[in-house]
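Since the structure is predicted, the reported quantities are computational estimates derived from the model, not experimental observations. Here is the naming used below: chain letters follow the sequence lines, and residue numbers restart at 1 for every chain.
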Amino acid sequence: MTDDIQYWIKVAQYTGASVSMGLGAIGAAIGEGHTAATANMAISRNPERGGEIFKNMLVGQAVAESAAIFSLVIAMVLLFSGEPLMKPITIWAFLGAGLCMGFGAIGSGIGAGYPGASACEGMARQPEAGRRLTTAMLIGSAVSQTTSIYALVIALILIFFDFSNMPFAPTWAALLGAGLSTGIAAFGPAIGEGLVAAACCEGIARNPSSATEVTNIMLLGQAVTETTGIYGLLVSFILLFKSFVPTDALAPAFALLSAGICMGLGAIGPGIGEGFTAKSTVSWIARNSSSRAELVRTMLVGQAVSESTGIYSFVIALILIFVI
Amino acid sequence: MAIEGADIVKAAAFLGAGISMGLGAIGPGVGEGMAAAKACEAIGKNPREAGLLTRTMLVGQAVTESTGIYSLVISLLLLFVV
């Protein structure tokens, strides 16, 4: 019987590692491809600035790559962290870690590609704003990476924290749910934040004197966009560290798994939608800064409404964890 | 451990509640964001009509929200009634 469990732990290690790296590779590749494509268009538009644009493209791609590197790290750690005498709960922790990092890297990879592309385009259009564009690109894509860092943190906790003192059922479902919650929730906010950062770079290229103002509004918009990703992280932490009553029944376990799936999926839409809103606001403030107050107010109201479905998901997840 | 039929049914209801609310939240979130994005653009172009534009945005978003509320209702039904 103990041998059996060791085999299943190996299966979980390899499955988790492949899911982490396989899913994690999607986003960064798309984002970097988008950046490279736009950089080429920009160089053809303004070949004298080719060197500068090329350099900026590489920096932007490097940031987008980091999400895939997180996935690689988790996959490596998973491959080599099996030890003898591990408990069955580890199977689920490893699977959760792989799913968490795999899903969590997709959004950040795609999201960080947008500001990179937009900064390259801006350099061709407004060469003297080059330095400001690179700075705005780095700030914006760093914010877009945050959700993949949440996924990295949850995946590392799942791999290295010792859950063997907890009752196997329903903890297995809680661990899987914790991974899915942060992992899937990372997708929406990261893409939304990337769109906002792209609009910021575009705005600076259009009107370099508005750089400070546009960067500030970008950060405000990104902060609101981040909220649903933070709900996902919160649900994961509750699932990881709440103590559960041991039970053999399936229903309480599935309630915990379902809480993770609910919060994870529910965070995607509001994240992307709030990103659209902040993107338009930022790009119009660069064009027409006299109506800034109205634009920011409308942005916040629109984002608040867009947030509502994320809050419903959060409430349902909390009911599933605490009430059921 | 013996798994009873009623237990499986309950587990499926809980799982269904989570999936219903989770998937159901994607569409309204994206759609309402698009409505708000266009409202911001319109206000940027024509700031004098801000009141009218905000009102239209809110009504449009309220209609968009409806499918999210359907999902919420279904998942509450799955959790507490079924």
key: Heavy-atom pairs under 4.5 Å with chain A, option from B:Gly44, B:Pro28, B:Ser71, B:Gly27 with the top count   =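 Most pairs with chain A among the choices: B:Gly44.
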message = Let's test your reading of the structure: which of B:Gly24, B:Ala39, B:Ala35, B:Cys40 forms the most heavy-atom pairs below 4.5 Å with chain A?
response = B:Cys40
task = Can you establish whether the number of heavy atoms outside B:Phe80 located under 6.0 Å from its atom CZ is more than 12?
result =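 Yes, enclosed.
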Any chance you could measure [X], atom [atom1], to [Y], atom [atom2], to the nearest 0.5 Å?
X: A:Leu257; Y: B:Ile19; atom1: CG; atom2: CD1; value: 8.0 Å
X: B:Leu23; Y: A:Leu265; atom1: CG; atom2: CG; value: 5.0 Å
X: B:Glu41; Y: A:Asn288; atom1: CD; atom2: CG; value: 12.5 Å
X: A:Thr277; Y: B:Lys38; atom1: OG1; atom2: NZ; value: 11.5 Å

request  = Between chain B and each of A:Ser280, A:Gly275, A:Ser290, count heavy-atom pairs under 4.5 Å; write down the option with the most.
outcome  =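 Most pairs with chain B among the choices: A:Ser280.
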key: Residue part contacting chain A, namely of B:Met57, when any heavy atom lies under 4.5 Å   = side chain
message = Less than 4.5 Å to any heavy atom of chain A: does that hold for the side chain of B:Glu65, its backbone, both, or neither?
response = side chain
message = Give the interface residues of residues 46-55 of chain B toward chain A, defined by a heavy-atom separation under 4.5 Å.
response = B:Pro47, B:Ala50, B:Thr54
inquiry  = Counting only non-hydrogen atoms closer than 4.5 Å, does A:Ala259 touch chain B with its backbone (N, CA, C, O), its side chain (CB onward), both, or neither?
reply    =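 Answer is neither: A:Ala259 stays 4.5 Å or more from chain B.
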message = For a quick test of reading the model, state the closest non-hydrogen atom pair linking A:Phe276 to B:Ala37 and the distance between them.
response =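 In this case the closest contact between A:Phe276 and B:Ala37 is O-CB, 3.4 Å.
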key: Flag, side chain of B:Asp7 to backbone of A:Ala251, donor-acceptor distance under 3.5 Å   =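 Yes; at least one donor-acceptor contact below 3.5 Å.
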Listed once per pair and sorted, the salt bridge (charged side-chain N to carboxylate O under 4.0 Å, His left out) pairs that draw on residues 73-82 of chain B, sequence neighbours left out =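 As it turns out, there is no salt bridge (charged side-chain N to carboxylate O under 4.0 Å, His left out) pair with a partner in residues 73-82 of chain B once direct neighbours are skipped.
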inquiry  = So B:Lys45 and A:Trp284, do their side chains get closer than 4.5 Å, heavy atoms only?
reply    =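 With C-beta onward as the side chain, the pair touches.
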task = Any chance you could lay out the side chain to side chain contact (heavy atoms under 4.5 Å, CB included) test for A:Ile261 and B:Leu15, step after step, and finish with the verdict?
result = CA-CA 9 Å; A:Ile261 296 176; B:Leu15 194 61; 4.2 Å; yes
inquiry  = Only heavy atoms, only distances under 4.5 angstrom. Which residues in residues 300-324 of chain A are near chain B?
reply    =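 From residues 300-324 of chain A, the residues near chain B are A:Val301, A:Gly302, A:Val305, A:Ser306, A:Ser308, A:Thr309, A:Tyr312, A:Ser313, A:Ile316, A:Ile319, A:Leu320, A:Val323, A:Ile324.
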ask   = How would you list, in number order, the residues of residues 200-211 of chain A that have a heavy atom less than 4.5 Å from chain B?
value =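 The residues closer than 4.5 Å to chain B amount to none at all.
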